[in-house]
Amino acid sequence: TRLLNRLNCVAEKRVALISAPAGFGKTTLATQWIQQQRTPCAWLTLDKNEGDLTRFFTYLIAAIRECDPSFASRAEQLLTAPILPQPEDLTDALITDLELSAVPLFLFLDDFHTLNSVAVDKTLIRLVHNLPRHIHLAVICRSDPPWPISSWVVRGWLTEIRAKDLQFSPEEA
């Protein structure tokens, strides 16, 4: 219950970072929290292949469409261009798409640690800095992404759940 209550802060922050080693129950916690929500939750489980920016955007847009079938995506149109646009242009198009969508959304990226993509990291940093108020991002990983986490904490954008938080308290044990 205490962890589910901590995740309730996601609606007040831009980003939730759930970071702990394997076996700590990160995904279980997130799925339990989602089951209690009325707000749509898009889920994308990542693997090393989604480090490709085109594939990442394609799957991300598909996950959003699961919650909002009418989601119109300029970013998706840019992905089909003969020459792939700059990552910043794709990200800006996605931000505009999300801003125009009236559907509140929690977007979960599971197994983020499997990616090793500077382009995806830069994309998500840009996204977080420009995230519309009705969109919230939750990242589940085994190690921290190379993001300005300290800066986001200071700005009040980030909720963190770490390994020490996921351990049973003496009362729970």
Side-chain angles (χ1 to χ4, degrees), residues 10-11 13-20 22 26-27 30-31 34 37 39-161:
V10 171
K13 308 279 184 170
R14 293 180 188 211
V15 183
L17 178 64
I18 305 171
S19 180
K26 302 175 297 290
T27 301
T31 56
I34 287 171
Q37 300 308 304
T39 301
C41 298
W43 187 278
L44 179 57
T45 300
L46 300 165
D47 66 34
K48 64 182 178 187
N49 296 321
E50 275 88 47
D52 171 72
L53 203 55
T54 301
R55 184 175 282 180
F56 177 77
F57 269 95
T58 301
Y59 289 158
L60 183 63
I61 292 165
I64 294 168
R65 277 218 180 95
E66 287 291 318
C67 296
D68 180 8
S70 65
F71 183 72
S73 178
R74 290 183 186 95
E76 189 174 40
Q77 292 172 351
L78 291 174
L79 289 172
T80 61
I83 298 173
L84 188 65
Q86 293 297 312
E88 298 84 11
D89 296 332
L90 282 169
T91 307
D92 291 346
L94 179 64
I95 291 165
T96 301
D97 297 337
L98 291 168
E99 189 69 52
L100 293 173
S101 170
V103 176
L105 180 70
F106 293 106
L107 178 58
F108 283 80
L109 302 178
D110 192 14
D111 289 339
F112 193 82
H113 59 275
T114 61
L115 298 184
N116 187 14
S117 171
V118 172
V120 171
D121 285 324
K122 286 182 178 180
T123 293
L124 288 173
I125 291 169
R126 188 174 186 95
L127 178 65
V128 168
H129 279 261
N130 298 285
L131 207 57
R133 290 189 178 276
H134 63 286
I135 308 294
H136 305 277
L137 177 67
V139 176
I140 304 165
C141 51
R142 292 183 185 170
S143 58
D144 288 355
W147 299 345
I149 292 171
S150 303
S151 172
W152 293 354
V153 169
V154 169
R155 292 178 181 184
W157 293 357
L158 182 71
T159 295
E160 297 176 271
I161 296 181

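- Counting heavy atoms from C-beta on, the side chains of Val128 and Trp147 never come closer than 4.5 Å.
- The distance from the CD1 atom of Ile135 to the OG atom of Ser101 is 6.0 Å, given to the nearest 0.5 Å.
- Between Trp152 and Trp157, the angle of the ring planes lies from 30° to 60°, which puts this pair in the tilted group.
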Decide yes or no on side chain to side chain contact (heavy atoms under 4.5 Å, CB included) for Glu160 and Ile149, but give the supporting numbers first.
-> CA-CA 10 Å; Glu160 297 176 271; Ile149 292 171; 4.0 Å; yes

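- The backbone N or O of Leu105 sits nowhere less than 3.5 Å from a side-chain atom of His134 that would complete a donor-acceptor pair.
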Derivation of the side chain to side chain contact (heavy atoms under 4.5 Å, CB included) call for Leu94 and Thr123 = CA-CA 10 Å; Leu94 179 64; Thr123 293; 5.9 Å; no

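- The closest donor-acceptor contact from the side chain of Asn130 to the backbone of Arg126 lies under 3.5 Å.
- Side chains of Val103 and Phe71 form no contact here, defined as non-hydrogen atoms less than 4.5 Å apart.
- Asp97 contributes a side-chain N or O that, together with a main-chain N or O of Arg74, makes up a donor-acceptor pair within less than 3.5 Å.
- Here the side chains of Leu78 and Phe57 are not in contact, with every heavy-atom distance at 4.5 Å or above.
- Here the closest heavy-atom approach between residue Leu115 and residue Asp47 is recorded as CD2-O, 3.0 Å.
- When atom types are taken as modelled, the side chain of Arg14 and the backbone of His129 share a donor-acceptor pair closer than 3.5 angstrom.
- Taking the side chain as every heavy atom from C-beta outward, Pro148 and Ile125 approach each other to under 4.5 Å.
- With rounding to the nearest 0.5 Å, the separation of CD in Glu50 from OG1 in Thr58 is 10.0 Å.
- At most 12 non-hydrogen atoms from other residues, nucleotides or ligands lie less than 6.0 angstrom from CD of Glu66.
- Closest heavy-atom contact between Thr80 and Gln77: OG1-O, 2.7 Å.
- Contact detail for Ile61 and Ala75: the closest heavy-atom pair is CD1-CB, 4.2 Å.
- Ile34 is not listed as a side-chain neighbour of Phe106, based on a closest heavy-atom distance of 4.5 Å or more.
- Atom CG of Asp111 sits about 6.0 Å away from atom OG1 of Thr27, to the nearest 0.5 Å.
- Atom CD of Glu99 is separated from atom CG of Leu131 by 9.5 Å, given to the nearest 0.5 angstrom.
- Salt bridge annotation for Lys26-Asp110: absent, with no cationic side-chain nitrogen under 4.0 angstrom from a carboxylate oxygen.
- Taking 4.5 Å as the limit, some side-chain heavy atom of Ile64 sits within range of a side-chain heavy atom of Leu98.
- With rounding to the nearest 0.5 angstrom, the CG atom of Leu46 is 10.5 Å from the OH atom of Tyr59.
- The shortest heavy-atom contact between Ala63 and Ala42 is O-CB, 3.4 Å.
- Heavy-atom minimum distance, Ser19 versus Ser143: OG-C, 3.8 Å.
- Leu53 contributes atom CG, which lies 10.5 Å from atom CG of Leu60 (distance to the nearest 0.5 angstrom).
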Hey, mind stepping through Leu90 and Leu84 against side chain to side chain contact (heavy atoms under 4.5 Å, CB included) and telling me if it holds?
-> CA-CA 9 Å; Leu90 282 169; Leu84 188 65; 4.1 Å; yes

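- The minimum heavy-atom distance between Cys141 and His113, with the atom names listed, is CA-ND1, 3.6 Å.
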Passes side chain to side chain contact (heavy atoms under 4.5 Å, CB included), Phe112 versus Ile18? Steps please.
-> CA-CA 10 Å; Phe112 193 82; Ile18 305 171; over 6 Å; no

